[in-house]
Asks: 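Here it is, the structure in full.
Here the structure is a predicted model, which is why all the values come from computation and not from measurement.
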Amino acid sequence: MKKVLLILAVTVISYSVIAQNQDKPIENKVHEFGFQAGFTTGVGLSYRYWPGKFGVQITALPVKSSDVTFVSLGLTGMYSIYNSRHTRFFLYLANSYNINKYVEETDYYNYNTGYYEYREEHVNNNAYNIGFGPGFGFGTRVRFNIMAGYGFYDVFGEFNMLPTVEAGLYFRF
């Protein structure tokens, strides 16, 4: 009987010692704000809301001057496969819409008059892009994310399929 009590006491003490060595639970930081640059996620300021396994990212950058208009809007869905205090591995499905309007100024030689003439051409490039693939993030309070995958560019125009790389730097709170 003494041996059974001794074994039971040693077992209880060893479990309590092991329990003290366990890592702290993961702080559930569901909000992230930062900067994203990607071909299919968009370019600009970005906000992420990640309450559990599923998350969403919104990216936007409007630029307007007298000659140039550039707008990048992105919406990305994310699914977390692994999440710890310092790293996260996830899958993403991104789409972005880019508006690019500018004035192209050129000089050309007019053979009829024998003079160079000035020409302004208004260029309007809009593109809708879709991408998917795996992503990896590391860091605690400030997290760097890199995503790589496959992208479909200018889906409604000149359709192209190419590999894609996306990156972001986020402050988590």
Side-chain angles (χ1 to χ4, degrees), residues 18-104 121-173:
I18 291 171
Q20 291 177 4
N21 290 334
Q22 296 293 326
D23 290 336
K24 295 177 186 175
I26 298 172
E27 297 175 25
N28 191 15
K29 295 182 171 138
V30 298
H31 304 283
E32 297 180 13
F33 184 75
F35 185 78
Q36 178 74 24
F39 297 104
T40 62
T41 56
V43 175
L45 294 176
S46 184
Y47 170 75
R48 284 182 169 184
Y49 179 67
W50 212 319
K53 287 274 190 191
F54 291 96
V56 66
Q57 169 183 307
I58 299 169
T59 305
L61 178 68
V63 176
K64 173 76 171 119
S65 71
S66 60
D67 294 342
V68 176
T69 300
F70 176 79
V71 179
S72 177
L73 300 171
L75 180 64
T76 304
M78 300 170 294
Y79 177 74
S80 180
I81 295 173
Y82 173 78
N83 187 21
S84 70
R85 178 181 300 278
H86 301 288
T87 61
R88 176 175 281 180
F89 182 67
F90 58 94
L91 300 174
Y92 74 95
L93 175 62
N95 62 82
S96 67
Y97 187 69
N98 299 314
I99 300 169
N100 191 7
K101 297 179 183 178
Y102 59 94
V103 176
E104 190 173 275
E121 183 179 340
H122 294 270
V123 180
N124 187 7
N125 293 330
N126 298 342
Y128 177 67
N129 305 323
I130 300 172
F132 63 91
F136 178 74
F138 59 91
T140 52
R141 191 65 141 167
V142 176
R143 186 164 277 185
F144 177 72
N145 291 283
I146 185 112
M147 299 178 274
Y150 207 69
F152 305 102
Y153 300 95
D154 198 8
V155 173
F156 300 118
E158 296 179 16
F159 183 74
N160 297 302
M161 299 185 301
L162 299 167
T164 184
V165 176
E166 326 280 328
L169 186 64
Y170 290 91
F171 177 75
R172 300 172 66 215
F173 57 98

Asks: Indicate yes or no for a side-chain donor-acceptor contact from N125 to the backbone of V123 under 3.5 Å, with no hydrogens or angles considered.
Replies: no

Asks: Return the minimal non-hydrogen interatomic distance between D154 and A127, and the atom names on each side.
Replies: OD1-CA, 3.8 Å

Asks: Look up atom OG in S84 and atom CZ in F138, then write down how far apart they are to the nearest 0.5 Å.
Replies: 12.5 Å

Asks: Is E104 atom CD crowded by more than 12 heavy atoms from other residues, nucleotides or ligands, each under 6.0 Å away?
Replies: yes

Asks: Report the C-alpha separation of R141 and K29 in whole Å, then their side-chain angles, then the decisive distance to 0.1 Å, and conclude whether the side-chain contact (heavy atoms from CB on, under 4.5 Å) test is met.
Replies: CA-CA 9 Å; R141 191 65 141 167; K29 295 182 171 138; 3.2 Å; yes

Asks: Output the distance between atom CG (L75) and atom OH (Y97), rounded to the nearest 0.5 Å.
Replies: 15.5 Å

Asks: Please give me the minimum heavy-atom distance between T59 and V43, naming the atom from each residue.
Replies: CG2-C, 3.7 Å

Asks: Grab the two heavy atoms, one from M147 and one from G135, that are nearest each other, plus how far apart they are.
Replies: CG-CA, 3.9 Å

Asks: Pairs of donor and acceptor atoms involving the side chains of residues 32-42, under 3.5 Å and at least two apart or interchain, shall be tabulated with distances.
Replies:
unit_1	atom_1	unit_2	atom_2	d
Q36	OE1	Y170	OH	2.9
Q36	NE2	T41	OG1	3.1
Q36	NE2	A167	O	3.3
T40	OG1	E166	OE2	2.9
T41	OG1	E166	OE1	2.8

Asks: State, with a plain yes or no, whether a side-chain heavy atom of F144 is found less than 4.5 Å away from one of L169.
Replies: yes

Asks: Verify the ring-centre separation between Y79 and F54: is it less than 6.0 angstrom?
Replies: yes

Asks: With side-chain contact (heavy atoms from CB on, under 4.5 Å) as the criterion, how do L91 and F132 come out once you've worked through the C-alpha distance, each side chain's angles and the decisive distance to 0.1 Å?
Replies: CA-CA 7 Å; L91 300 174; F132 63 91; over 6 Å; no

Asks: Could you measure the distance from the CD1 atom of I99 to the CG atom of N124? Nearest 0.5 Å is fine.
Replies: 8.5 Å

Asks: About how many Å separate OH of Y128 and OH of Y153, when rounded to the nearest 0.5 Å?
Replies: 13.5 Å

Asks: Can you name the nearest heavy-atom pair linking T87 to R143, along with the distance?
Replies: N-NH2, 3.7 Å

Asks: How long is the straight-line distance from OH of Y92 back to OG1 of T164, given to the nearest 0.5 Å?
Replies: 5.0 Å

Asks: Could you give the distance from CZ (F70) to CG (N100), rounded to the nearest 0.5 Å?
Replies: 6.5 Å

Asks: For residues N129 and N98, determine if any side-chain heavy atom of one lies less than 4.5 Å from a side-chain heavy atom of the other.
Replies: yes

Asks: Please check: side-chain N/O of R172 versus main-chain N/O of T140, any donor-acceptor pairing under 3.5 Å?
Replies: yes

Asks: Identify the residue among W50, F171, Y49 that makes a ring pair (Phe, Tyr, Trp, His ring centres under 6.0 Å) with H31.
Replies: Y49

Asks: Using every non-hydrogen atom in the two residues, find where P51 and V30 come nearest and quote the distance to one decimal.
Replies: CA-CG1, 3.5 Å

Asks: How would you list, by chain and number, every residue that makes a ring-ring contact (aromatic ring centres under 6.0 Å, His included) with Y150, sequence neighbours excluded?
Replies: F152

